[in-house]
Visitor: 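Here it is, the structure in full.
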Amino acid sequence: MTSTDGPSDDAGDKGQGLRLLAVTACPTGIAHTYMAAEKLTQAAAASGHEMKVETQGSIGAENILTDNDVRRADGIIVAADKDVDLSRFVGKRVLSVGVAEGIHHPEQLIERVRRAPVYAGPGTRAGDGGASGLLPTAVAGGGGERGAVYKALMNGVSYMIPFVVVGGLLIAVSLALGGHTTPRGIVFDTPFWQHVNDIGTIGFTLMIPVLSGYIAYAIGDRPALVPGMIGGWIAGHGELYDSKAGAGFIGAIATGFLAGYLVRWIKLVEVPRFVRPIMPVIVIPILSTTVLGLFFIYVIGRPISWVFAHLTSWLGGLTGTSAALLGVLLGLMIAFDMGGPVNKTAFLFGAGLVSSSPEIMGMCAAAIPVPPLGQGLATVLRRRMFTAPERETGLAALFMGCFGITEGAIPFAAARPARVIPANMLGGAVAGAIAGLAAVTDRVPHGGPVVAALGAVGGVPMFFVAIVIGTVVTALTTVTLMALGNGSAGPAEPAAIPAPAPSAPSALSGYLTERTVRPWLAAESKEAAIREMAELLAASGRVTDVDGLVAAALAREELGTTGLGDAIAVPHAKTNAVSGPVVGFARSASGIEWGALDGTRARLVFMVSVPETAAGDEHLRILATLSRKLMDPGFRERLLGAVDRGEIMSVLGDIE
């Protein structure tokens, strides 16, 4: 248990040092995490205070704060750009800010934490940074609202992915090993495979409320989890608002954000002291769940039901139009919301005519697997554009696509809707049009290659041609839109500081040599400097594709500057354009504009690259060591003052 007695307002003013704790974390890479930790430690020592810092980097939490540490602490600084659980700090003064504040203003943070409000638990505000429980730190630390929205969305997607994968793969396995076709659809040979399919269906059923619930959780903390999940369940069950199809993942995103911000708004309401203990446990969940549920059923659900009914009626009037046009329309609808009302309208339209007009179901069947197959193919074609978990999800999506499980593409669409949904729709339209022109038929209400394997498709060759072309169109459109969007829709490598290790007889030995050190750069811009550094790294013999290395490093810059402040830049890339870990170092006489938060121009430039298969914990630890050493002003001065390559190598040899 932590003490509920915070320090007095004049703690530290009478000569005694404070016992301070801190947590530092950043969502991409690790350099900022460790730089903030080092700065806070240095500032505390200079002021005569004790400081212990827990770092939550890409290699996990280190120097973890114990219950005894918290019990003795006079204040806690949370300098983070990702969710940090504050529940262990109840009863202590807590100041929550962005990680950049820890790097650039550590002295001010130490001064501010002495008078920060005492954190009373989830549902209350933590310090003057404004963090609440697990509130995204982009909001807590004064960051932009766009960052907070994106982080909340990613929080929901990350928790949803296992449900998509487990549910989809179980359904696919049951179809492959225990299913056969009938005029009513695919049925199972034994109760065992039916049960496997049912378990997979439960996973898919839970996928939507989990997405909604954890979006809400990231915004409004634990009190928002219940309304978020129940709201997502309502969104996924159209029968609650007289619709034959639920609102799907788009509805879940809406309920997640509505629940999260509704809970945050309720938290702002002043209530009597005796009511406060039950607010996060009883009052807020019940009130927010009731309001959100009724709002969705009576306000949002009615339009969804109306759209569903009128789309079905509209499609019924198109049966006499050209097959290609109808295929385009059905393909667009199938791929739009992947299980939502628009998708279900097209599917049920085709299923209703499966006996009299099987060619309409054939168009749907060709479009159904295109979104997951296209997104899975995109992760194979341009691996560096996707995170490691996304690449794993891509493989699962390829498998699900083969079994006609369109929902396999939902994690990608939820993360990057503006890029993925148009790509899915274009590919689905192409597949539907080709199937329509070729008069492909499907005699069961299901889609994907599995129905052809089970003998339900007429015109099998053209059926596969339609799927393949639609898949390729989706994949190429996805990577093109992501490239045009500069990767802003999602991180290419969220923990993408691979971390090699430079030089001499130090902790960085073997990765940085005299061949990859240049006393002075000729480049005057960031882009030119990255190319010059890539050419310098090529002297190691470990760069197989200079242009590929440059492209990977520039793509990483588009996700956020690697200018760390204090005249330091550490551009980095994880790419198979290098055959082994390699590090280079060079200096700029006049400094290069690198977009650092403190406005300094980069004069000390380290470039780090590792192959995708070599990004282990040891490399991350080496980069953490480098980051800490660069926080030493004396070390930086010696690097800047070194007269030649030999003296630079001698200085770098001090890194341990």
Side-chain angles (χ1 to χ4, degrees), residues 1-12 18-25 40 44 49-56 61 63-99 101-102 109-110 112-137 139-141 155 214 216-226 260 263-286 288:
M1 292 292 291
T2 59
S3 170
T4 57
D5 297 325
S8 62
D9 288 344
D10 62 352
L18 296 173
R19 291 187 293 267
L20 300 176
L21 304 178
V23 179
T24 62
L40 286 166
H49 306 305
E50 293 181 27
M51 172 71 80
K52 179 178 179 180
V53 185
E54 175 181 307
T55 54
Q56 297 185 4
N63 203 30
I64 296 173
L65 305 180
T66 66
D67 289 344
N68 190 51
D69 292 329
V70 175
R71 187 180 300 111
R72 297 173 60 246
D74 294 315
I76 296 104
I77 298 169
V78 178
D81 286 339
K82 59 184 285 188
D83 295 343
V84 173
D85 189 352
L86 304 181
S87 60
R88 53 183 164 157
F89 304 139
V90 171
K92 293 295 178 179
R93 298 191 184 279
V94 179
L95 174 67
S96 186
V97 297
V99 71
E101 289 289 302
L109 297 185
I110 290 173
R112 289 163 59 189
V113 75
R114 294 160 59 181
R115 294 174 174 79
V118 174
Y119 179 59
T124 62
R125 300 180 70 82
D128 57 5
S132 175
L134 289 172
L135 186 64
T137 313
V139 175
N155 194 59
Y214 280 97
Y217 180 53
I219 297 170
D221 197 13
R222 289 180 180 85
L225 187 59
V226 170
V263 167
R264 283 183 59 188
W265 177 78
I266 295 173
K267 288 179 182 179
L268 298 177
V269 178
E270 292 292 335
V271 297
R273 183 179 297 274
F274 72 89
V275 178
R276 291 176 189 172
I278 65 171
M279 285 292 290
V281 180
I282 300 176
V283 177
I284 294 177
I286 291 177
S288 58

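Just so it is clear, the structure is predicted and the values come from calculations on it, not from any experiment. Start at 1 with the first residue, then count along the sequence.
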Visitor: Supply the atom-to-atom distance Ile266 CD1 to Met279 CE, rounded to the nearest 0.5 angstrom.
Guide: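 Between atom CD1 of Ile266 and atom CE of Met279 there are 7.0 Å.
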Visitor: For Val97 and Val78, run side chain to side chain contact (heavy atoms under 4.5 Å, CB included): C-alpha distance rounded to whole Å, both residues' side-chain angles, the deciding distance at 0.1 Å, then the answer.
Guide: CA-CA 6 Å; Val97 297; Val78 178; over 6 Å; no
Visitor: Looking only at heavy atoms, what is the nearest atom pair of Arg93 and Ala116, with distance?
Guide: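 Minimum heavy-atom contact is NH1-O, 2.6 Å.
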Visitor: Under the 3.5 angstrom rule, does the side chain of Arg19 hit a backbone N or O of Arg72 as a donor-acceptor pair?
Guide: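 Present.
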Visitor: Just so I know, are the side chains of Leu109 and Leu95 near enough to count as touching, which here means a heavy-atom distance under 4.5 Å?
Guide: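 Touching, per the 4.5 Å side-chain cut-off.
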Visitor: What pair of heavy atoms forms the shortest contact from Gly260 to Ala224, and how long is it?
Guide: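 Minimum heavy-atom contact is CA-CB, 4.2 Å.
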Visitor: For the residue pair Ile286 and Ile282, establish whether any side-chain heavy-atom pair is separated by less than 4.5 Å.
Guide: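 Ile286 vs Ile282: side chains touch.
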Visitor: Checking the side chain of Glu54 only, and the main-chain atoms of Leu65 only, is there a donor and an acceptor separated by less than 3.5 Å?
Guide: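 Yes, the answer is positive, given that a donor and an acceptor are paired below the 3.5 Å cut-off.
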Visitor: So, Asn63 side chain and Val53 main chain: donor-acceptor pair closer than 3.5 Å or not?
Guide: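 Flag set: sc Asn63 to bb Val53 pair under 3.5 Å.
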Visitor: Measuring only between side-chain heavy atoms, which start at C-beta, is Ile76 closer than 4.5 Å to Tyr119?
Guide: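 No - every pair of side-chain heavy atoms lies 4.5 Å or more apart.
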Visitor: Could you give the distance from CZ (Arg88) to CD1 (Ile64), rounded to the nearest 0.5 Å?
Guide: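 Rounded to the nearest 0.5 Å, the CZ-CD1 separation comes to 8.0 Å.
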Visitor: Is any side-chain heavy atom of Glu50 closer than 4.5 Å to one of Leu20?
Guide: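 A side-chain contact under 4.5 Å is absent here.
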Visitor: Quick one: does Ile77's side chain get under 4.5 Å of Glu101's, heavy atoms only?
Guide: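 A side-chain contact is absent here, since even the closest heavy-atom pair is not under 4.5 Å.
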Visitor: Taking side-chain contact (heavy atoms from CB on, under 4.5 Å) as the definition, give me every residue that meets it alongside Leu225, ordered by chain and number, with sequence neighbours left out.
Guide: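 Once residues adjacent in sequence are excluded, the partners of Leu225 under the side-chain contact (heavy atoms from CB on, under 4.5 Å) criterion are Tyr214, Tyr217, Met229.
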Visitor: Calculate, to the nearest 0.5 Å, the distance between atoms OG and CH2 belonging to Ser288 and Trp265 respectively.
Guide: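 CH2 of Trp265 is found 11.5 Å from OG of Ser288.
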Visitor: Over all heavy atoms of both residues, which pair between Val263 and Gly220 is shortest? Give the atoms and the distance, please.
Guide: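 Residues Val263 and Gly220, closest heavy atoms: CG1-O, 3.7 Å.
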Visitor: To the nearest 0.5 Å, what is the distance between CZ on Arg264 and CD1 on Ile284?
Guide: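 With rounding to 0.5 Å, CZ (Arg264) is 12.5 Å from CD1 (Ile284).
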Visitor: Just verifying a value: how many Å separate Lys92 NZ and Arg71 CZ, rounded to the nearest 0.5 Å?
Guide: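 The distance works out to 9.0 Å.
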Visitor: Does His49 use its side chain to pair, donor to acceptor, with the backbone of Ala44 at less than 3.5 Å?
Guide: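 No.
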Visitor: Looking only at heavy atoms, which two atoms of Ala22 and Leu40 are closest? And how far apart?
Guide: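 Here Ala22 and Leu40 meet closest at CB-CD1, 3.9 Å.
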